[in-house]
Amino acid sequence: MGVYALTGGATGIGAALKRQLLEAGHEVISVDIREGDIIADLSTANGRQLAVEGIRARAPQGLDGYIPCAGLPPVAKPFSLIAKVNYFAAVETVAALRDLLASKRGTVLFVASNSAPMIGKDDPFVQACLAGDEAAACAGIEERDGHSAYAGSKRALVQWMRRNVVEYARAGVRLNAVAPGITQTPLTERVMADAQFGDAMKQFAEMVPWGGTAQPEQIANVMRFMLGEEAGFVCGSVFFVDGGSDAMLRTDDF
Ligand code: NAD
């Protein structure tokens with residue numbers, strides 16, 4: 001049985017994945033701002049350090065997998081918090097845990113979004129994220145909007161993953177991402193209740209080809225597969241679990 005660490009395990013998709021991994025007999029180390037084995041605010045340098053040190057202390061023999069799942073919605077404020085939690089905390093903790101993962105030929109599964117392709121790869125916020133310039137990314141995004149912060153943070157996450165696939169694979173770590181569509185979690189409830197974003201999200205849910213929204217377990221099912229032995233040759237992939245919405249929006253792109 002494996003040893004997995006994840007962030008954002010208190011609710012939603014992370015909680016569903018945690019449940020499934022535990023049910024399958026794995027050990028799970030959960031990091032979250034609210035409840036978990038390690039309580040840490042991943043928007044801060046101190047919180048990220050606590051998370052990494054806590055995981056290292058609990059998994060000295062190495063990790064079979066790490067899932068930086070914690071994330072904030074487009075309605076979170078300030079927008080820089082979205083950049084900090086969704087992008088910078090994820091890539092920083094992955095880099096800090098790389099040796100633990102390599103020692104077991106482990107795997108990282110990022111949690112992107114079907115909204116990641118909705119923003120251009122040349123977007124200045126995406127570029128600032130990829131340059132590793134947290135101060136510039138945070139300052140720039142404050143002048144913009146929640147959608148750009150959210151979709152941009154997820155786009156940057158996928159691009160960071162793709163850029164690092166070769167180096168990490170050669171070091172013995174498989175990188176992949178899952179890109180969920182609208183999923184029924186507390187994050188989505190917050191967006192649906194928002195005066196600015198709620199109606200647009202409800203309209204989008206009605207357009208999803210396979211119909212409506214996902215349950216967190218449906219996303220976790222795919223994540224568990226991607227983390228496991230059966231997906232042992234899956235490397236550098238972005239797996240959309242979105243009821244067909246990405247295919248609807250970007251029909252000829254893949
Ligand atoms: P959620 O709100 O249920 O879960 C997010 C988790 O992150 C919570 O446990 C929360 O406590 C934790 N968290 C938030 N800020 C934190 C911080 N500063 N430090 C540590 N932990 C923090 O939401 P969810 O929908 O389950 O989202 C999980 C992931 O899936 C996120 O990365 C989200 O962007 C992504 N996602 C969700 C959807 C969706 O429709 N729900 C769609 C695409 C992608």
Side-chain angles (χ1 to χ4, degrees), residues 5-20 28-52 54-55 67-78 80-94 108-118 138 146-147 149-158 161 177-194 197-198 200-202 204-205 208 212-220 222-223 238-243 245-246:
L6 59 75
T7 69
T11 60
I13 294 168
L17 179 64
K18 180 180 159 185
R19 263 194 311 277
Q20 291 190 8
V28 180
I29 303 160
S30 176
V31 180
D32 202 280
I33 196 168
R34 281 187 260 174
E35 68 173 60
D37 304 303
I38 302 158
I39 305 297
D41 178 355
L42 293 163
S43 69
T44 68
N46 184 46
R48 293 172 201 166
Q49 192 183 341
L50 276 176
V52 169
I55 292 169
I67 310 98
C69 183
L72 290 170
V75 297
K77 301 256 174 52
S80 54
L81 258 189
I82 303 171
K84 289 176 184 178
V85 176
N86 293 14
Y87 178 79
F88 287 99
V91 302
E92 196 176 308
T93 53
V94 165
V108 173
L109 184 57
F110 290 99
V111 185
S113 165
N114 65 339
S115 66
M118 295 178 188
C138 288
H147 172 70
Y150 187 78
S153 68
K154 297 298 187 180
R155 163 145 220 143
L157 211 51
V158 171
M161 184 276 283
V178 66
I182 304 174
T183 309
Q184 287 179 31
T185 69
L187 177 149
T188 294
E189 279 166 27
R190 250 179 103 182
V191 181
M192 291 284 194
D194 184 78
F197 285 95
M201 200 180 211
K202 283 173 202 148
F204 188 75
V208 171
T213 55
Q215 293 298 326
E217 289 72 20
Q218 291 176 294
I219 311 299
V222 175
M223 294 172 77
V238 185
F239 198 141
F240 284 83
V241 189
D242 67 351
S245 57
D246 185 62

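Atoms within a ligand are numbered from 1 in the order they appear, just like the ligands themselves.
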Donor-acceptor pair, distance only, cut-off 3.5 Å: does the side chain of Thr183 make one with the backbone of Gly181? yes

Note the single closest protein heavy atom to atom 11 (O) of ligand 1, along with its residue, its atom name and the distance in Å. Asp32 OD1, 2.6 Å

Within ligand 1, which atoms have a heavy atom of Thr185 less than 4.0 Å away? 3 (O), 23 (O), 24 (P), 25 (O), 26 (O), 41 (N)

Can Thr7 be said to touch ligand 1, with heavy atoms closer than 4.0 Å? no

For side-chain contact (heavy atoms from CB on, under 4.5 Å), just list the numbers for Gln49 and Glu92, CA-CA rounded to whole Å, side-chain angles, deciding distance to a tenth of an Å, and then say yes or no. CA-CA 10 Å; Gln49 192 183 341; Glu92 196 176 308; over 6 Å; no

Nearest protein heavy atom to atom 19 (N) of ligand 1, by residue and atom, and its distance? Leu42 N, 2.9 Å

In ligand 1, the atoms that come under 4.0 Å of a heavy atom of Tyr150 are 33 (C), 34 (O), 35 (C), 36 (N), 37 (C), 43 (C), 44 (C)

Touching ligand 1 at all, Ser115? Heavy atoms, strictly under 4.0 Å? no

Considering only non-hydrogen protein atoms, determine which one is nearest to atom 23 (O) of ligand 1 and report residue, atom name and distance to 0.1 Å. Leu187 CB, 3.2 Å

Atom OG of Ser115 and atom OH of Tyr150: how far apart are they, to the nearest 0.5 Å? 5.5 Å

Please examine the side chains of Val108 and Pro68, heavy atoms only from C-beta on, and report whether any two atoms are closer than 4.5 Å. yes

So for ligand 1, is Thr11 a polar contact partner (N or O within less than 3.5 Å, distance only)? yes

Taking Thr185 for its side chain and Leu187 for its backbone only, find out whether a donor-acceptor pair lies under 3.5 Å. yes

List the closest protein heavy-atom neighbour of atom 21 (N) of ligand 1: residue, atom name, distance to the nearest 0.1 Å. Ile33 N, 3.3 Å

Selected option - heavy-atom contact closest to atom 5 (C) of ligand 1, from Ala220, Gly181, Gly71: Gly71

Any idea which of Cys69, Ala214, Ala90, Ser113 brings a heavy atom closest to atom 31 (C) of ligand 1? Cys69

Output for pair (Phe197 CZ, Arg190 CZ), nearest 0.5 Å, gives 11.5 Å

With respect to Ile13, determine whether any N or O atom, backbone or side chain, lies less than 3.5 Å from an N or O atom of ligand 1. yes

Based purely on interatomic distance, does Ile182 place a nitrogen or oxygen under 3.5 Å from a nitrogen or oxygen of ligand 1? no

Is there side-chain contact between Lys77 and Ile82, with heavy atoms separated by less than 4.5 Å? no

For Ser43, atoms of ligand 1 separated by under 4.0 Å from a heavy atom: 18 (N)

Is ligand 1 less than 4.0 angstrom away from at least one heavy atom of Ala40? yes

Roughly how far apart are Met223 CE and Ile219 CD1, rounded to 0.5 Å? 8.5 Å

At a 4.0 Å threshold, what atoms of ligand 1 neighbour a non-hydrogen atom of Pro180? 42 (C), 43 (C), 44 (C)

Only heavy atoms of Val111, strictly under 4.0 Å: list the atoms of ligand 1 that pass. 29 (C), 30 (O), 35 (C)

Distance-only donor-acceptor check, side chains Ser245 and Asn114, under 3.5 Å: yes

Side-chain donor or acceptor of Gln218 paired with backbone N/O of Gln215 under 3.5 Å: yes

Working to the nearest 0.5 angstrom, can you tell me the gap between Thr11 OG1 and Glu189 CD? 9.5 Å

Side-chain touch Cys69/Ile13, heavy atoms, less than 4.5 angstrom: yes

Considering heavy atoms of the protein only, find what lies nearest to atom 6 (C) of ligand 1 and give residue, atom and distance to 0.1 Å. Gly8 CA, 3.7 Å

Who's the nearest protein heavy-atom neighbour of atom 18 (N) of ligand 1, and how far? Asp41 OD1, 2.9 Å

Testing Val158, Leu157, Asp246 for side chain to side chain contact (heavy atoms under 4.5 Å, CB included) with Val238, which one passes? Val158

Using a 4.0 Å cutoff against the non-hydrogen atoms of Gly12, which atoms of ligand 1 qualify? 3 (O), 26 (O)

Return the option from Thr188, Thr213, Val85, Ile67 holding the heavy atom at the smallest distance from atom 41 (N) of ligand 1. Thr188

What's the shortest distance from atom 44 (C) of ligand 1 to any protein heavy atom, and which residue and atom give it? Ala112 O, 3.2 Å

Between Asp41 and Ser43, is there a side-chain donor-acceptor contact under 3.5 Å, judged purely by atom types and distance? yes

Whether the side chain of Thr213 engages the backbone of Gln184 through a donor-acceptor N/O pair (distance < 3.5 Å, no angle test) should be reported. no

If the cut-off is 4.0 Å to any non-hydrogen atom of Arg34, which atoms of ligand 1 fall inside it? 8 (C), 10 (C), 11 (O)

Answer yes or no for Lys154: is there a heavy-atom contact with ligand 1 below 4.0 Å? yes

Residue, atom and distance of the protein heavy atom nearest atom 40 (O) of ligand 1 read Thr183 N, 2.8 Å

Quick one: does Asn114 get an N or O within less than 3.5 Å of an N or O on ligand 1? no

So how far is it from Asn86 CG to Lys154 NZ, rounded to the nearest 0.5 Å? 4.5 Å

So the atoms of ligand 1 within less than 4.0 Å of a heavy atom of Leu72 turn out to be 14 (C), 15 (N)

